[in-house]
K.L.:
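So that we are looking at the same thing, I have put the structure below in structure tokens.
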Amino acid sequence: MKVHAPLEVLTRYADILKIRMPIKEVPQEVSAQTLWELMTRQLERLFGPFQLDKRKVPTLRKKYTCPFERNKMYLYKLPENQDHFMSNATRSRIVDYILRRKEYSEEGEPFVFGIRRLIADDTYLAAYPLHEGGWKRKCKMNMRKLLYDNWASWRVWYKVQPLHYIRVYFGEKIGLYFAWLGYYTYALIPASAVGLLVFIYGIVTINSDPISLESCNPNNSYTMCPLCSRRCGYWDYDQMCMHVKATHAFDNSATVFFAVFMSLWGTFYLEFWKREQAGIQFLWDLRNFEEEEEPPRPEYLARLTNCPRQRPNKVTGSVEPYYPYWGRQVPVYLTSSAIMIFLVLIALSAVIGVVFYRISIRAALYMIDEPMVYRNATLVVSATAACINLVVIFVLNFVG
């Protein structure tokens, strides 16, 4: 079943929610380009292959917005087709607001409202916003097809993201997420370059490393103790030659520099992201986004309606529903604490279980008569224990 909200309903609830909408602009004279703008243009030309094709993805101008007021429609920039006055994300937000608060009980029963209650009662399987238009080749160009061709396709994996179009189509929260993800990916480029140089340094200096030379020298015939108590025999230290070389490739003297670099990289990344985020907030008019009050949840309002306790407000003097601290916060704290302790115990049990697994499986493999098995018991135990740790991490991430 499809749900559509006409413009009259959209404007009414946009006024209630105080959604920011674009206003009419006053034409201004174009000022001369600043030095920063000229430098930005030169950088765009330098990284031209990574930029979006402006013929396919035109640049969206910044729109000045203000909280919507229905009685001042003359202030807002209305398109010829007024159905396009609000973006897909804004229309979906308003429709979701209505569906979550709509009562469907004729007898006025409490807590009988909202699409989430209908989904919980298996009346509907799901409720979600639909995409606008098609994305295949023969489809007419629309916002969805534009994003698919110039963003969600493997052919343009090296291009920058059309963040402004993502924001218009999916909304500010999704747009901010992909803005952070793209910025984080760019910031990893210098870190990966330094890491690659450290790895190359380790490869180049393998043959001059004192530990590698000593381990791989056949004249140093050190006899080492057996790795197990019964079946394993004595072995020569030069058998560790390949293992020592492989370790030096990843863990060498330059690794200390890389560790210091990564600690500084994390600090600089955080500070530069704050600067980038401030710029995005200015362009998208999100500077007061966190400070704007969101309407209370309908479930909370229904609970207040049926609250038996009331008391006067100390500021306004009006009588308001009141939930005592022991009935409002104590159950929440107890439940969250119990869940947290339970998950910590599960994590500790997993760690201890892996330790016992390594001890028991290694002992069992050493008791097998096959030489190929007991000689590689350490490798088998380490590999299987690592796989078990990976599975435990995925399970705990999914549960958490």
K.L.:
Should the ring pair F170 and H131 be called parallel, tilted or perpendicular, given that the plane angle runs from 0 to 90° and is split at 30 and 60?
P.N.:
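Aromatic pair F170/H131 classed perpendicular.
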K.L.:
May I ask you to decide if L379's main-chain N or O and S382's side chain share a donor-acceptor pair within less than 3.5 Å?
P.N.:
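Pair absent, no side-chain N/O of S382 close to backbone of L379.
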K.L.:
Is a side-chain donor or acceptor of T205 paired with a backbone partner of Y201 at a separation under 3.5 angstrom?
P.N.:
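Yes; at least one donor-acceptor contact below 3.5 Å.
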K.L.:
List the atom of G133, the atom of N142, and the distance in Å for their closest heavy-atom pair.
P.N.:
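Scanning both residues completely, I find the closest heavy atoms to be CA-ND2, 3.8 Å.
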K.L.:
Does K62 make a cation-pi contact with F282 (under 6.0 Å, within 45 degrees of the axis)?
P.N.:
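Positive - K62 is close enough to the ring of F282 and near enough to its axis.
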K.L.:
Hey, can you tell me if H164 and W284 have their rings parallel, tilted or perpendicular (30° and 60° cut-offs)?
P.N.:
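Answer is perpendicular, since the angle exceeds 60°.
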K.L.:
Below 4.5 Å, heavy atoms only, C-beta onward: do M86 and T11 meet side chain to side chain?
P.N.:
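Yes, close enough: below the 4.5 Å cut-off.
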K.L.:
Side chains of S212 and S215 only: does a donor on one sit below 3.5 Å from an acceptor on the other?
P.N.:
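Absent: no donor and acceptor within the cut-off.
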K.L.:
Walk me through whether I115 and K102 qualify under side-chain contact (heavy atoms from CB on, under 4.5 Å).
P.N.:
CA-CA 8 Å; I115 188 65; K102 183 62 179 177; over 6 Å; no
K.L.:
Is it the case that the side chain of K159 and the backbone of Q51 share a donor-acceptor pair, with hydrogens and angles ignored and the cut-off at 3.5 Å?
P.N.:
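Here the side-chain-to-backbone pair exists.
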K.L.:
Do V354 and I393 share a hydrophobic cluster, counting only Ile, Leu, Val, Met, Phe, Trp and Tyr and linking them when any side-chain heavy atoms are less than 4.5 Å apart?
P.N.:
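They do not share one cluster, since no chain of ILVMFWY contacts under 4.5 Å joins V354 to I393.
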K.L.:
Do you know which two heavy atoms are closest between H248 and G202, and how far apart they sit?
P.N.:
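Closest pair (atom of H248, atom of G202, distance): CD2-O, 3.2 Å.
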K.L.:
Indicate, with yes or no, if Y165 and Y148 share a hydrophobic cluster defined by side-chain heavy-atom contacts under 4.5 Å among Ile, Leu, Val, Met, Phe, Trp and Tyr.
P.N.:
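No; Y165 is not reachable from Y148 via cluster members.
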K.L.:
Would you check if there is a donor-acceptor pair between the side chains of T384 and Y357 at a distance under 3.5 Å?
P.N.:
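Present: a donor and an acceptor within the cut-off.
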K.L.:
What I want to find out is whether R167 reaches E172 closely enough, with some N-O distance under 4.0 Å, to be called a salt bridge.
P.N.:
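Salt bridge present between R167 and E172.
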K.L.:
Hydrophobic clustering (ILVMFWY, side-chain heavy atoms < 4.5 Å, transitive) - are M262 and F199 grouped together?
P.N.:
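Result: no, two separate clusters.
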K.L.:
Could you state the interatomic distance from NE2 (H4) to CG (L130), rounded to the nearest 0.5 Å?
P.N.:
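Result: 12.5 Å between the selected atoms.
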K.L.:
Is the backbone N or O of I23 less than 3.5 Å from a side-chain atom of K63, with the two atoms forming a donor-acceptor pair by type?
P.N.:
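No, K63 side chain to I23 backbone: no donor-acceptor pair under 3.5 Å.
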K.L.:
Closest heavy-atom contact between A377 and Y366?
P.N.:
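Looking at all heavy atoms of both residues, the closest pair is CB-CE2, 3.6 Å.
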K.L.:
Step through it carefully: locate the ring centre of F178, locate the ring centre of W151, and say whether they are under 6.0 Å apart.
P.N.:
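Yes, they do, as the ring centres are separated by less than 6.0 Å.
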K.L.:
Where is the tightest heavy-atom contact between G317 and P312, given as atom of each residue plus distance?
P.N.:
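The pair with the smallest heavy-atom distance is O-CB, 4.0 Å.
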K.L.:
Do you know the tightest heavy-atom contact between I166 and G175?
P.N.:
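Between these two residues, the closest heavy atoms are CG2-CA, 4.1 Å.
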K.L.:
Is a salt bridge present between R12 and D15, judged by a nitrogen-to-oxygen distance below 4.0 Å?
P.N.:
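No, no charged N to carboxylate O under 4.0 Å.
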K.L.:
Mind checking the CZ-OG1 spacing from R20 to T65? Nearest 0.5 Å is all I need.
P.N.:
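Taking CZ in R20 and OG1 in T65, the distance rounds to 4.0 Å.
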K.L.:
Determine whether S92 and Y128 satisfy the following criterion, side-chain contact (heavy atoms from CB on, under 4.5 Å), listing intermediate values before the conclusion.
P.N.:
CA-CA 9 Å; S92 299; Y128 48 84; over 6 Å; no
K.L.:
Does M242 have more than 12 heavy atoms from other residues, nucleotides or ligands lying within 6.0 Å of its CE?
P.N.:
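12 or below, so no.
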K.L.:
Treat each ILVMFWY residue as a node, draw an edge where side-chain heavy atoms are under 4.5 Å apart, and state whether I346 and V355 are in one component.
P.N.:
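I346 and V355: separate clusters.
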K.L.:
Could you check whether any side-chain heavy atom of L286 comes within less than 4.5 Å of a side-chain heavy atom of L176, counting everything from C-beta outward?
P.N.:
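A side-chain contact exists here, since the closest heavy-atom pair is under 4.5 Å.
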K.L.:
Under the criterion side-chain contact (heavy atoms from CB on, under 4.5 Å), I'd like the reasoning laid out for L345 against I341: C-alpha separation, chi angles, the key distance, then a yes or no.
P.N.:
CA-CA 6 Å; L345 291 176; I341 294 173; 4.2 Å; yes
K.L.:
Can you tell me if L181 has over 12 outside heavy atoms packed within less than 6.0 Å of its CG?
P.N.:
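More than 12 heavy atoms, drawn from other residues, nucleotides or ligands, come within 6.0 Å of this atom.
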K.L.:
Just one of V168, L17, I19, L10 clears the side chain to side chain contact (heavy atoms under 4.5 Å, CB included) bar with T90, so which one?
P.N.:
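Going through the options one by one, the only one that passes is I19.
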K.L.:
Is any side-chain heavy atom of S87 closer than 4.5 Å to a side-chain heavy atom of Y169?
P.N.:
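Heavy-atom side-chain distance check fails, nothing below 4.5 Å.
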K.L.:
Ignoring hydrogens and angles, tell me if any N or O in the side chain of K77 forms a donor-acceptor pair with the backbone of F85 under 3.5 Å.
P.N.:
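No, K77 side chain to F85 backbone: no donor-acceptor pair under 3.5 Å.
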K.L.:
With clusters defined by side-chain heavy atoms of hydrophobic residues (ILVMFWY) lying less than 4.5 Å apart, directly or transitively, does F257 cluster with L264?
P.N.:
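Linked within one cluster.
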K.L.:
Determine the interplanar angle of the Y158 and F50 rings, folded into 0 to 90°, and report it as parallel if under 30°, tilted if 30 to 60°, perpendicular if over 60°.
P.N.:
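Ring orientation, 0 to 90° scale: perpendicular.
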K.L.:
Quick check: do V330 and Y333 have side-chain heavy atoms less than 4.5 Å from each other?
P.N.:
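Side chain of V330 against side chain of Y333, heavy atoms only: no contact under 4.5 Å found.
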K.L.:
Distance under 6.0 Å and angle within 45° of the ring axis: does K173 meet both against Y177?
P.N.:
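No; the conditions do not both hold, so K173 does not lie above the ring face of Y177.
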K.L.:
Do the side chains of E8 and R70 get nearer than 4.5 Å, heavy atoms only?
P.N.:
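A side-chain contact exists here, since the closest heavy-atom pair is under 4.5 Å.
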K.L.:
Nearest 0.5 Å, what's the CD1-OH distance between I119 and Y124?
P.N.:
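So the CD1 of I119 and the OH of Y124 are separated by 10.0 Å.
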K.L.:
Report the distance from atom CG of L147 to atom OG of S153, rounding to the nearest 0.5 Å.
P.N.:
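Interatomic distance, L147 CG to S153 OG, rounded to 0.5 Å: 12.0 Å.
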K.L.:
Taking side chain as C-beta onward, heavy atoms only, is V198 less than 4.5 Å from T255?
P.N.:
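The answer is yes, as the side chains (C-beta and beyond) meet within the 4.5 Å cut-off.
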K.L.:
Would one find more than 12 heavy atoms of other residues, nucleotides or ligands at under 6.0 Å from atom CZ of F268?
P.N.:
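No, because the 6.0 Å sphere around CZ of F268 holds 12 heavy atoms or fewer from other groups.
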K.L.:
For the NZ atom on K245, are there more than 12 heavy atoms of other groups (residues, nucleotides or ligands in this structure) within a distance under 6.0 Å?
P.N.:
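For K245, atom NZ is not crowded (no more than 12 foreign heavy atoms under 6.0 Å).
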K.L.:
Are Y269 and Y183 packed together at the side-chain level, in the sense that at least one heavy-atom pair is separated by less than 4.5 angstrom?
P.N.:
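The answer is yes, as the side chains (C-beta and beyond) meet within the 4.5 Å cut-off.
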K.L.:
Distance-only, no hydrogens or angles: does the S337 side chain make a donor-acceptor pair with backbone N or O of L334 under 3.5 Å?
P.N.:
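Answer holds: no.
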K.L.:
Do N150 and L146 make a side-chain contact, defined as non-hydrogen atoms from C-beta onward lying under 4.5 Å apart?
P.N.:
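They are in side-chain contact.
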K.L.:
Using the rule given for side-chain contact (heavy atoms from CB on, under 4.5 Å), can you reason through E132 versus R91, listing the C-alpha separation, both sets of side-chain angles and the distance that settles it, and then say yes or no?
P.N.:
CA-CA 12 Å; E132 294 286 339; R91 296 204 307 268; 3.1 Å; yes
K.L.:
Closest approach of N207 and L213, non-hydrogen atoms and distance?
P.N.:
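Of all heavy-atom pairs spanning N207 and L213, the closest is O-CD2, 3.0 Å.
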K.L.:
Specify whether F68 and Y76 have parallel, tilted or perpendicular ring planes, treating 30° as the upper limit for parallel and 60° as the lower limit for perpendicular.
P.N.:
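Tilted.
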